[in-house]
Amino acid sequence: MALFGSFDSSASALTANRLRMDVISSNISNANTTRGEYVNGRWQPYKRKVAIIEPKKEASSFQNFLQMAANKTGRTVTNGVRVTRIMEDRTPPKMMYDPTHPDADARGYVALPNVDMLKEMVDLMSTTRAYESNVTAINAAKAMAMKALEIGK
């Protein structure tokens with residue numbers, strides 16, 4: 001992998017993790033939103049969202065075919081990751097008994113978003129660690145490039 005390939009891989013991971021942090025912060029900020037979407041005359045609670053991250057696939061590029069032939073492994077060489085889609089979590093909403101709430105149904109239950117704060121915090125910590133490790137990888141690659149330039153002096 002070329003020097004700039006490592007920068008590209010880490011940069012794509014930084015972008016993907018930043019978007020993942022945005023989705024997590026949206027989930028945390030809407031943890032108590034009972035009026036997330038208006039469907040068929042009734043308010044539905046906010047639904048937790050999840051960012052799906054997959055490796056970039058550039059199987060059709062000439063450079064990828066050349067690298068596959070040089071490696072003789074038959075595997076495609078990926079160069080980073082990307083967010084392919086943001087999907088809604090399909091777990092049912094949490095039901096809470098509160099007959100005084102304006103969004104309570106006839107039985108007095110309120111549908112709350114399916115956001116679990118513990119799960120969101122774990123995802124946020126994982127994303128933060130991945131972000132930090134990619135920053136460290138970029139700094140290491142930059143230091144190696146600077147040392148290589150010093151050799152040429």
Side-chain angles (χ1 to χ4, degrees), residues 1-65 67-68 71 73-143 145:
M1 180 179 285
L3 174 67
F4 294 112
S6 63
F7 286 126
D8 290 341
S9 295
S10 293
S12 69
L14 289 175
T15 303
N17 284 313
R18 189 188 63 80
L19 180 60
R20 193 170 167 211
M21 279 191 244
D22 289 344
V23 169
I24 292 169
S25 67
S26 173
N27 289 339
I28 290 172
S29 65
N30 287 303
N32 294 320
T33 303
T34 57
R35 295 184 179 190
E37 187 177 6
Y38 195 69
V39 178
N40 296 331
R42 293 192 46 91
W43 284 104
Q44 301 291 321
Y46 174 82
K47 294 177 183 165
R48 179 177 183 259
K49 295 181 176 44
V50 178
I52 306 298
I53 298 175
E54 293 179 357
K56 284 183 182 176
K57 295 178 182 171
E58 298 175 14
S60 61
S61 71
F62 176 74
Q63 182 182 6
N64 203 6
F65 282 119
Q67 287 179 349
M68 280 175 33
N71 291 340
T73 59
R75 292 185 294 167
T76 58
V77 178
T78 59
N79 198 13
V81 294
R82 65 185 174 125
V83 175
T84 56
R85 65 183 186 272
I86 297 173
M87 58 185 276
E88 290 183 348
D89 189 354
R90 295 181 185 241
T91 56
K94 295 183 276 186
M95 301 303 286
M96 181 182 73
Y97 182 72
D98 185 7
T100 61
H101 197 281
D103 293 328
D105 61 5
R107 298 177 302 146
Y109 284 93
V110 179
L112 296 174
N114 56 356
V115 176
D116 182 11
M117 293 301 281
L118 184 62
K119 188 184 296 183
E120 298 300 325
M121 295 310 285
V122 169
D123 285 350
L124 185 61
M125 288 176 59
S126 165
T127 305
T128 303
R129 298 285 186 241
Y131 193 90
E132 289 172 353
S133 65
N134 280 292
V135 169
T136 302
I138 286 176
N139 286 335
K142 187 173 69 177

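Because the structure is predicted, anything quoted here is derived from the model rather than measured.
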Tyr46 side, atom OH; Ser29 side, atom OG - distance, nearest 0.5 Å: 6.5 Å
Going by an N to O cut-off under 4.0 Å, is there a salt bridge joining Arg48 and Asp123? yes
Neighbour count >12 (heavy atoms, 6.0 Å) for atom CE, Met125: no
Heavy atoms only: give me the nearest Met95-Tyr109 pair and the separation to one decimal. CE-CB, 3.8 Å
Output the distance between atom OG (Ser25) and atom CD (Glu120), rounded to the nearest 0.5 Å. 9.5 Å
Where do Ser12 and Gly80 come nearest, in terms of heavy atoms and distance? OG-CA, 3.2 Å
Is atom CZ of Arg35 surrounded by more than 12 heavy atoms (other residues, nucleotides or ligands) closer than 6.0 Å? yes
Checking Glu54 against Ile52 for the side-chain contact (heavy atoms from CB on, under 4.5 Å) test, could you report, in this order, the C-alpha distance in whole Å, the side-chain angles of both residues, the deciding distance, and whether it holds? CA-CA 7 Å; Glu54 293 179 357; Ile52 306 298; 4.1 Å; yes
Could you report the tightest heavy-atom contact between Thr127 and Ile24, atom names first, then the distance? OG1-CD1, 3.8 Å
Atom pair NZ/OG1 of Lys47 and Thr33 - distance to nearest 0.5 Å: 14.0 Å
Report the distance from atom CG of Leu14 to atom CG of Asn134, rounding to the nearest 0.5 Å. 5.0 Å
More than 12 heavy atoms of other residues, nucleotides or ligands under 6.0 Å from NZ of Lys142: yes or no? no
Determine the minimum heavy-atom distance between Asn27 and Lys49, stating which atoms define it. ND2-O, 2.8 Å
Please determine if Asp22 and Arg18 form a salt bridge, counting it only when a charged side-chain N lies under 4.0 Å from a carboxylate O. yes
Looking only at non-hydrogen atoms, find the nearest pair between Ala104 and Asp98 and report the distance. CB-O, 3.5 Å
Give, for atom CZ of Arg82 and atom OG1 of Thr15, the distance between the pair rounded to the nearest 0.5 Å. 13.5 Å
Counting only heavy atoms not in Met96, do more than 12 fall under 6.0 Å of its CE? yes
Using every non-hydrogen atom in the two residues, find where Pro45 and Ala111 come nearest and quote the distance to one decimal. CB-O, 3.5 Å
What is the distance from atom OG of Ser126 to atom CE of Met21, rounded to the nearest 0.5 Å? 10.0 Å
